[in-house]
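Below is one structure, written out as structure tokens; the observations come after it.
Only heavy atoms go into these numbers, but all of them, side chains included; no hydrogens, no water, no symmetry mates.
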Amino acid sequence: FDGVQFAIHYNGFADTCGSFEASWETFREAVHSFEYCPKEFDKYDVESLFTRFLDASLPEESCGPDDDLDDPVEENILGFCDRGVEHTPVLADHNRLVRVPDTETFPCHFHTREGQRISTFQDLRKLLHQAKANPTCVSNDDEETCTAMVSQAHFYAVPAGRIFMLAPKFVGEVFKLDHVHGALGKPISLEVLSVSPRVFDVHNFFSKTESDDLVKRALAETSETHRIKRSTTGAGSTHVNKQRTSESGFDTNGRTALAVKRRCFETLGMDEYIEGHSDGLQILRYNLTTAYIPHMDYIDDPHRRLRHNYDSYGQGGNRFGTILLYMSDLDEDAGGETVFTEAWPVGQSEDEHVPFEQALQALRDSGDADMLKPGSWEETMVAKCRSRLAIRPKAGRAVLFYSQHPNGAEDASSLHGGCPVLKGEKWAANLWFWNTIRDGFAGNPVNEHVVAKEKSQSSSPSTQYEQKKATFLNEGKDPAMAEAELFFQENQFWAKLGHGDPAAHVNTYEGHIWVLKVGGKVIRKW
């Protein structure tokens, strides 16, 4: 601890909210504040202790609760870590959180700048050693010369019930994730493409072999729910949108898809793989002229009419991050980019910004989009793709962006779309991540008034929610079951359950329905 300055950051923010000179005595007092002495401190004990240490060490008005909270539980860092019942989603490990000693508040969890969770005393010691080995230069605000060398250890505090979020400061900034390795064994790194919205290039993420395998599986898939077909939109994923003309399918349990998903979790700073925090890997095919109008990945239910609670600013869960994978090369003038319509191109000064009307006229003069109807939404998309932040497809390229702010509020600047393909064919994939367990999985946040209404309309005692664990296994004895599939609630595909497929282990509740199908025909229900 000696000689190390602790620099504390709010989750998702590059600037510090407070700093102090470390004191071993203060840390030891925090240890002694525990009413019990565990033989081994797990990560929840460590996080509770560290929050207590910060509470005792930070200047009084540093790192307090966000300005958006009307009635914070505390006015110091305790009020930031515990945002109160109405703004704390209940995650799968909620009951394992250890309240901060001498208080009734929940602790933060803490991460490095690159997202690695500080879960043990060894993690803390390693970070302090790194700070001492790599002192940073500090200068006065009005001077450019170095005035002192300081050993700073940076900690990013994430409130209880929230997910870590990277904190970009400038375009071109690089985050080296030495603790996360891509498909070729090289450490993953992220390069900032935009600060608002938060958009990153993800280098060394996946290989051409993995890319080819994902496309091959997508083309071979025959399941009606997962095969490549016209893309749909909406919370129920059944609505065909005339302004989304791509085709898509899902890979939920392929070996490559699962490996990519686990890598995504690690890249996002999630130290545990929890299937319910993500959708299946969506495989996308864009043929000539196909596209997707600018949209939000965040799902909107402002009147709370649906069973799932999508209010992620409160206690609900929604999509908070998306990783895009590009699996084909397209030339510079071939279209197919992913465009963020609220952001400007990388490295472009304000004087270089191109107004939409000027971009549209330049497009028409070039003749590149003559196959599109003048004035159509597709032509408008191409003009936006040539004037706003556009990510050009390249096989093996991966991009991360966030759909939420660190406090769970929707980030409207993440509006994005798929530009029309003008030449060739585009293959891509995307994976959506949720800040809580998503809809369709046990433990997801719900709107209690909708649940109460459902119960009042049913006389069946099976609607009482008692958690069960279930395992579905195909023993491979019945030839008719060779291509069996398991579905949840009739129509939501869950897992392949054919001969040789792994057993499906689920957490479920009384009232749920599980269905076994072969070739789309219902064989059995539980």
Side-chain angles (χ1 to χ4, degrees), residues 89-92 94 163 221 223-227 231-239 248-254 257-258 261 264-265 270 272-283 297-301 304-312 315-322 403-404 430-451 453-455 458 462-472 485-497 502-517 520 522 525-526:
V90 177
L91 303 186
H94 184 79
I163 305 294
E221 180 61 68
S223 166
E224 180 60 29
T225 55
H226 282 50
R227 67 177 178 82
S231 298
T232 56
T233 61
S237 297
T238 58
H239 175 65
S248 62
F250 282 90
D251 191 339
T252 58
N253 61 352
L258 290 176
K261 287 178 70 172
C264 289
F265 272 76
M270 302 172 75
E272 293 184 31
Y273 177 82
I274 302 175
E275 179 67 27
H277 270 276
S278 70
D279 291 91
L281 192 68
Q282 185 180 39
I283 313 298
D297 282 352
Y298 191 95
I299 298 173
D300 198 20
D301 179 28
R304 296 195 174 190
R305 291 175 176 147
L306 300 176
R307 192 178 200 278
H308 181 86
N309 180 358
Y310 288 97
D311 179 18
S312 55
Q315 297 175 310
N318 214 308
R319 292 170 179 164
F320 88 95
T322 302
S403 299
Q404 294 179 21
N430 68 261
L431 192 61
W432 292 303
F433 292 89
W434 294 63
N435 67 295
T436 66
I437 299 297
R438 68 177 175 87
D439 186 25
F441 279 75
N444 68 304
V446 297
N447 287 312
E448 295 296 343
H449 66 282
V450 177
V451 174
K453 183 178 180 180
E454 291 176 351
K455 288 182 178 180
S458 173
S462 66
T463 58
Q464 300 302 313
Y465 279 76
E466 179 184 347
Q467 188 175 24
K468 305 287 186 181
K469 292 185 180 295
T471 298
F472 300 91
E485 296 177 321
L486 181 66
F487 287 76
F488 172 67
Q489 304 291 83
E490 297 276 359
N491 295 317
Q492 182 176 328
F493 177 84
W494 196 268
K496 287 182 176 296
L497 207 63
H505 304 280
V506 303
N507 292 322
T508 186
Y509 290 84
E510 294 187 14
H512 282 180
I513 299 173
W514 296 90
V515 179
L516 187 72
K517 295 183 181 182
V522 175
K525 291 184 179 182
W526 293 272

>> Could you measure the distance from the NZ atom of K261 to the NE2 atom of H277? Nearest 0.5 Å is fine.
In response: 12.0 Å

>> Once rounded to the nearest 0.5 Å, what's the spacing between atom CZ of R307 and atom CG of D301?
In response: 13.5 Å

> Checking side-chain contact (heavy atoms from CB on, under 4.5 Å) for the pair D311/Q315: CA distance, chi angles, key distance, verdict?
Replying inline: CA-CA 7 Å; D311 179 18; Q315 297 175 310; over 6 Å; no

> Is the shortest heavy-atom distance from the side chain of W434 to the side chain of D279 under 4.5 Å?
Replying inline: yes

>> Please give me the minimum heavy-atom distance between P89 and G316, naming the atom from each residue.
In response: CG-O, 4.0 Å

> Do the side chains of V522 and K517 get nearer than 4.5 Å, heavy atoms only?
Replying inline: yes

>> If I compare all heavy atoms of A504 with all of L486, which pair ends up nearest, and what's the gap?
In response: CB-CD2, 4.0 Å

> Hey, mind stepping through R304 and N309 against side-chain contact (heavy atoms from CB on, under 4.5 Å) and telling me if it holds?
Replying inline: CA-CA 7 Å; R304 296 195 174 190; N309 180 358; 4.0 Å; yes

>> Donor-acceptor check, side chain of N447 to backbone of H449, threshold 3.5 angstrom: yes or no?
In response: no

>> Please evaluate residues D297 and S403 with respect to the criterion side chain to side chain donor-acceptor pair (under 3.5 Å), reporting the C-alpha separation (whole Å), side-chain torsions for both, the decisive distance (0.1 Å), and the verdict.
In response: CA-CA 7 Å; D297 282 352; S403 299; 4.5 Å; no

> What pair of heavy atoms forms the shortest contact from F433 to C264, and how long is it?
Replying inline: CZ-CB, 3.0 Å

> Measuring from I274:CD1 to R438:CZ, what's the distance to the nearest 0.5 Å?
Replying inline: 13.5 Å

> Which pair of non-hydrogen atoms, one from G317 and one from P445, has the smallest distance, and what is that distance?
Replying inline: N-CG, 3.5 Å

> Rounded to the nearest 0.5 Å, what separation is found between the OG1 atom of T436 and the CZ atom of F320?
Replying inline: 10.5 Å

> Just how far is it from atom CZ of R319 to atom OG of S312, taken to the nearest 0.5 Å?
Replying inline: 12.5 Å

> Nearest heavy-atom pair of F250 and Q282: which atoms, and what distance?
Replying inline: CE2-CB, 3.7 Å

>> I want to know whether Y310 and Y298 have ring centres closer than 6.0 Å.
In response: no

> Taking the side chain from N435 and the backbone from N318, do they hold a donor-acceptor pair closer than 3.5 Å?
Replying inline: yes

> Quick one: CH2 on W432 to CG on L281, what's the gap to the nearest 0.5 Å?
Replying inline: 10.0 Å

> Closest heavy-atom contact between H308 and N444?
Replying inline: ND1-ND2, 2.9 Å

